[in-house]
Structures are given as C-alpha cells and as structure tokens.
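Just so it is clear, the values below take in all heavy atoms, side chains as well, and ignore hydrogens, waters and symmetry mates. In each ligand, atom 1 is the first atom listed, and ligand 1 is the first ligand listed. Sequence positions, counted from 1, serve as the residue numbers for this chain.
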Amino acid sequence: PRPCNTRPPPRALHFEECRGVSVQGVTLQNGPQFHLSFTRCVDVKASFLRLVAPADSPNTDGIHLNDSSRVQITDNLISTGDDCVSMVGNCSDVRVRDISCGPGHGISIGSLGKNRTTDRVENVRVDTCLLTNTTNGVRIKSWQGGMGSARDLRFESIVMKNVSNPIIIDQYYCDQPTPCANQTEAVEVRKVEFVDVRGTSATARAIKIACSDTAPCTELELRNVNLTVVGGGAATASCYRASGKAAGVVAPASCLAKGDP
Ligand SMILES: *[C@@H]1O[C@H](CO)[C@@H](O)[C@H](O)[C@H]1NC(C)=O
Ligand SMILES: *[C@@H]1O[C@H](CO)[C@@H](O)[C@H](O)[C@H]1NC(C)=O
Ligand SMILES: *[C@@H]1O[C@H](CO)[C@@H](O)[C@H](O)[C@H]1NC(C)=O
Ligand SMILES: *[C@@H]1O[C@H](CO)[C@@H](O)[C@H](O)[C@H]1NC(C)=O
Ligand SMILES: *[C@@H]1O[C@H](CO)[C@@H](O)[C@H](O)[C@H]1NC(C)=O
Ligand SMILES: *[C@@H]1O[C@H](CO)[C@@H](O)[C@H](O)[C@H]1NC(C)=O
Ligand SMILES: *[C@@H]1O[C@H](CO)[C@@H](O)[C@H](O)[C@H]1NC(C)=O
C-alpha cells in the first residue's frame, strides 16, 4: 500500500539524535506504523521487548534503524505486519541476537539507495534467530541507481520455519506502482556470510540472489546451510551476478560463481 504522505511514518516510539539510550522490557502493541525507531543514534540497546501487531497491518516494522551505529537488538519477540528488524541509511556495528520473528517480513538490511542516495551499511551481525511464517528470512535489498555499499555482514545460527524467501539479496528492489527505470549504479554488496542457516521454505526457491550487472555481489559465503521445502522436498537456489564460496553442507546446492573478481 502507498503511504498517505511523504512525511516520516508515524511511530509508536521514536528516538532521534540520541546517544546511550536503552529500551528494555516493554510491550508495544498495534503501532500506527513502525513500533520502535532510531534515527541518527549511537550506542543503543533494545532488549526484552514484545512488539506485536496483526500480520496484515501495513508498514508496522518492529525495530527500524536509520543512520545509527553501535546498536544491540537482543532478546525480542517481534510479530508484526512488516519487517521485524530493518536498517537503512548509514548504519554500522549492529548486533541482532536472539530474536523470535514472525509473522512479518523478516530481518532486512534496506531498502538502500532509494532515489539515488548513497547508503553505507557495514559490520552487521545477526545471530540466533527463529523466523516463523515470514515472507522473507534474512534479506538485503537495494534500489537501482543507489550508491554506497552493504558489506561485512554475517547471518549465523538462523532457523527458518515456513519462510517464503529464507535467503534473499535483491539489487532490483522496486516498491512503487510504476516499474522502476533500469539504471547502472547500484549499492555494492560484498562480504556477506550465511552460516548455520536451516529449516523450511514456504516456496521452492529458498535462496534467491539477484545482483546488478555493473556492481555484482562478491565475496558471499554459504556455510552449513540446509533449507528444505515445508512439508518435504528439495529446495532450489538462484543466483545472478553473484560470486563467492560454499563450505560444509549446502542444500540447496550453492549457485554462487566460484572465485571473486
Ligand atoms: C533517514 O534519515 C535521514 C536523516 O538522517 C532522512 O533524510 C531519510 O529520509 C531517512 N530515511 C528513511 C528511509 O527513513
Ligand atoms: C552516508 O555515507 C555516505 C558515504 O560515506 C555519505 O556520502 C552520505 O552523506 C552519508 N549519509 C548521511 C545521511 O550521513
Ligand atoms: C524521489 O525523487 C522524486 C523526484 O525528485 C520525488 O518525486 C519522490 O518523492 C522521491 N521519493 C522519495 C521516497 O523520496
Ligand atoms: C504459522 O502458520 C500456520 C498456518 O497459518 C499456523 O498454524 C501456525 O500457528 C503459525 N505459526 C506461528 C508460530 O505463528
Ligand atoms: C506456511 O505459510 C503459508 C503462507 O505463506 C500458509 O498458508 C501455510 O499454512 C503455512 N504452513 C505451515 C505448515 O505453517
Ligand atoms: C529493464 O531491463 C530488463 C532486462 O533487460 C527489461 O526486461 C525491463 O523491461 C527493463 N525495464 C525498464 C523499465 O526499462
Ligand atoms: C537437511 O535437513 C533435512 C531436514 O531436516 C534432513 O533430513 C537432512 O538430513 C539434512 N541434510 C544434511 C546434509 O544435513
């Protein structure tokens, strides 16, 4: 659905230009849009939270970060109609751990590079998460024409249950009514690790990596990834302009091109 205006979305609880803020042990229910958001903040903690809204409520992200760094998001139960955790703009040194997510849209880096902006997200670690009935698992998404990069990201010890796109990188993200123009610039994606990711996919294609011709995704790694289709059956993987390596058990078999440029 289209937002009704261009102002920042209404938020249940919002912090801007903050330092050393900790939000702990509260429940936020049925937020107007984002439940908890931080813009231009440093040294943030968000833990022991319950963020709850109906699965069909639009834009109700659980925790949203924009231009923030040194953030710890841990021990939260998030069940909303949009991303459980999302980060945009320039974010760095973010740790997301022990999250139970779902329903909702999963854990997302991006969308980045909207309207040709330069965004830089780096040093993000997401681990020990359970995603259930979400439309995505762990996702990196960027608009064509954006600049900057998403790099040094690690997703580890993630369990998926009936997740529609368990592992997804999309450099062609387009969330507007008219098709997005093809553009050459792209937000660079490199050094991304998926380690110990297992469980079930609601769709046949459990791994989808679609990168740009001009800025392919490089230094990706799949290590001990085992995703099957919910109810039984082998899943598939698709890659476009993506390179890196696979290690340990990788099912579906890795589609990454070997060797990085
Ligand atoms: C992020 O915050 C910047 C200001 O720091 C603002 O200009 C931008 O619109 C915000 N982006 C999103 C997606 O909210
Ligand atoms: C984000 O980082 C890029 C590159 O370092 C910079 O050009 C841009 O102005 C930064 N954006 C903000 C909102 O600080
Ligand atoms: C993107 O830029 C166009 C043209 O400047 C503007 O009409 C549109 O509102 C912008 N979109 C966002 C989300 O900032
Ligand atoms: C997942 O969805 C199924 C089918 O709608 C439902 O039975 C199950 O309770 C859901 N699981 C969770 C943890 O929400
Ligand atoms: C999986 O999710 C779909 C919706 O994406 C739902 O229809 C189905 O009942 C769920 N299955 C299980 C086993 O939870
Ligand atoms: C972008 O390029 C793709 C692949 O070449 C093409 O199918 C699509 O129509 C193009 N989109 C636009 C809006 O030009
Ligand atoms: C992957 O997971 C499935 C379902 O849990 C299991 O049957 C299979 O043995 C696992 N494959 C490997 C290679 O571990």
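- Applying the 4.0 Å criterion to heavy atoms of Asn182 picks out, from ligand 6, the atoms 1 (C), 2 (O), 3 (C), 8 (C), 10 (C), 11 (N), 12 (C), 14 (O).
- With respect to Asp83 and Arg139, a salt bridge is recorded, a charged nitrogen being found less than 4.0 Å from a carboxylate O.
- Considering backbone and side-chain N/O atoms, Thr228 never comes within less than 3.5 Å of an N/O atom of ligand 7.
- The SG atoms of Cys217 and Cys211 are placed within less than 2.5 angstrom of each other.
- For ligand 6 and Cys180, the ligand atoms under 4.0 Å from any heavy atom of the residue are 13 (C).
- In this structure a side-chain-to-backbone donor-acceptor pair under 3.5 Å is missing from Ser201 to Pro166.
- Within 4.0 Å of ligand 4, counting heavy atoms only, the contacting residues are Thr132, Asn133.
- Residues forming a salt bridge (charged side-chain N to carboxylate O under 4.0 Å, His left out) with Asp43 (at least two apart in sequence, or on another chain): Arg70.
- Cluster annotation: Ile209 and Val126 are assigned to the same hydrophobic cluster (Ile/Leu/Val/Met/Phe/Trp/Tyr, side-chain heavy-atom contacts under 4.5 Å, transitive).
- Applying the salt bridge (charged side-chain N to carboxylate O under 4.0 Å, His left out) rule to Asp93 yields no partners; only residues at least two apart in sequence or on another chain are considered.
- Under a 4.0 Å criterion applied to the non-hydrogen atoms of Val249, ligand 7 contributes the atoms 13 (C).
- Ser22 and Gln24 are linked by a side-chain donor-acceptor pair at a separation below 3.5 angstrom, with hydrogens and angles left out of the test.
- Every salt bridge (charged side-chain N to carboxylate O under 4.0 Å, His left out) that Arg40 has, sequence neighbours left out, goes to Glu16, Glu17.
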